[in-house]
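Working notes, structure below.
What's counted below: heavy atoms across the whole structure, side chains too, no hydrogens, waters or symmetry copies. Residue numbers begin at 1 in each chain, while the letters A, B, ... track the order of the sequences.
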Number of protein chains: 2
Amino acid sequence: MPDTARISRIRSGRRTDIRQQNERLILEAAERVFAEAGFGGATMQLIADMAGLPKANLHYYFPTKEALYRRVVQNIFEIWLDAASSFDGAAGPVEGIGAYVRAKMDISRRHPHGSKVWAAEVMHGAPVIQDYLETTLRAWTEGRMAVIQRWIDEGKMAPIDPRHLLYMLWATTQHYADFGHQIETLNAGEALSDRQWREATESVTQIILRGIGAI
Amino acid sequence: MPDTARISRIRSGRRTDIRQQNERLILEAAERVFAEAGFGGATMQLIADMAGLPKANLHYYFPTKEALYRRVVQNIFEIWLDAASSFDGAAGPVEGIGAYVRAKMDISRRHPHGSKVWAAEVMHGAPVIQDYLETTLRAWTEGRMAVIQRWIDEGKMAPIDPRHLLYMLWATTQHYADFGHQIETLNAGEALSDRQWREATESVTQIILRGIGAI
DNA sequence: GTCTATATTCGGATAGAC
DNA sequence: GTCTATCCGAATATAGAC
């Protein structure tokens, strides 16, 4: 029955397309609402309205509010892990840390909502992603600490505690996303321009690279 | 009627004592619950249980959940404003910024809940304290930027953008409170010891003071 | 000033028609 | 796969006895 098979494939294909598109719509809306209202303050109704779908559809694609939230948090974590590659294969701290700061500042600009959701999740004791902290993040951190320690041993930077350097990199770059509203208020109520983002990235990079004696 | 007057004074005095003590109990519990669950996730019942009072008493002292939250946020803001004095009257960046970092790291350690509540409030667009950002915080920021600029003009530090230096100071110090759970997880699940707090403060201070060319 | 009982609203989740 | 109508639990807030 080639005919019905073809129709079935097409139908199935369309269904998959609709599913993927709707899931994306829902996840984008959810990221924004969770960031702006917190998990407890977010409502499925608000997310549905922002996604342009009836509330019941959300429960069709994501069984519970928590399942939807979990996916949002996972998405952000993966984006940050990708940025980790900037760190690897660098000859020294100037290239490695410079690239990492640029990558993370770029993420802060393009995914401010995701960064805020992550921050809130950690502030609340990481009820949903504690396992990621203990496995993936811990391994990642120890790997980069080893790289930094090697740079220190090779005389490419001052003997800074690698752990606190990493915390400083996370804190300074994510601050531009998480506290973006405060920064905007102190910028006469205006969002940072392209030029201001470049200046911010440059300032952060310069202070840190000088601070660790790499330049 | 000296007798009744005395009794009345005593009664009134006791009432005031009870009021102050209960308000303090409620505010401490509220700070913790708001920090760990967010405004939307916090419940008056949970705060009441943690304060050891019946729920209705909370509504006697604070008319609404939002009024209670507002007081918590204001408390934190005042604590940070006090720390601002570390900045003033310093001969140069080594003393001024050094003292400010120490003061803010100390607050991150002693008031982690308050710091988290503030962070969440800002992340949500500062619905409650937007006026503080536009008045008090803006004035404070401009004042310190002028001080930093003077240090630059006097050749006491490199020509860093004062604004981004301030953001870095806020980001790095508050990170130890707001992301304390992540830091603890990466510290084998242990809270930082006295010694580790000193090392963290020292690392932050050293990197920043070197980074701005002050040492 | 304290506390029990309750009114009322709101939001997550689902049933069931289409 | 979509969506309306609805259930039900939970949480804020208050009434009113003590």
Q.
Has Q174(B) got a side-chain atom pairing as donor or acceptor with S108(B)'s backbone, closer than 3.5 angstrom?
A. no
Nucleotide [N], atom [atom2] - distance to [atom1] of [X] in whole Å:
X	N	atom1	atom2	result
H59(A)	dT14(C)	NE2	P	7 Å
D17(A)	dG1(D)	CG	P	11 Å
L58(A)	dG11(C)	CG	C1'	13 Å
F62(B)	dT12(D)	CZ	P	15 Å
Q21(B)	dT2(C)	CD	P	10 Å
E66(A)	dG11(C)	CD	C1'	16 Å
I26(A)	dC3(D)	CD1	C1'	13 Å
Y60(B)	dA15(D)	OH	C1'	16 Å

Q) For residues 181-207 of chain B, which residue pairs qualify under ring-ring contact (aromatic ring centres under 6.0 Å, His included), counting only residues two or more places apart or in two chains? A) none
Thinking salt bridges, do [X] and [Y] make one under a 4.0 Å N-O criterion?
X	Y	result
E202(A)	R198(A)	no
E142(A)	R138(A)	no
D106(A)	R110(A)	yes

Show me the side-chain donor-acceptor pairs of residues 29-49 of chain B shorter than 3.5 Å, one per line, residues at least two apart or across chains.
| unit_1 | atom_1 | unit_2 | atom_2 | d |
| --- | --- | --- | --- | --- |
| T43(B) | OG1 | L46(B) | N | 3.0 |
| Q45(B) | NE2 | D49(B) | OD1 | 3.1 |

Q.
Among residues 29-57 of chain B, which ones have heavy-atom contacts with DNA chain C below 4.0 Å?
A. P54(B), A56(B), N57(B)
**Q.** Distance test, side-chain N/O of N22(A) to OP1/OP2 of dG1(D), below 4.0 Å
**A.** no
Q) Does Y61(B) have a side-chain nitrogen or oxygen under 4.0 Å from the phosphate oxygens OP1 or OP2 of dT2(C)? A) yes
Q. Of all the choices, dT12(D), dT2(C), dA13(C), which nucleotide is nearest to the side chain of K65(B) once you look at every atom?
A. dT12(D)
Q) Are Q74(B) and Y132(B) close enough, and set up right, to give a side-chain hydrogen bond (donor to acceptor under 3.5 Å, both in side chains), and what steps lead you there? A) CA-CA 9 Å; Q74(B) 285 172 346; Y132(B) 283 86; 3.1 Å; yes
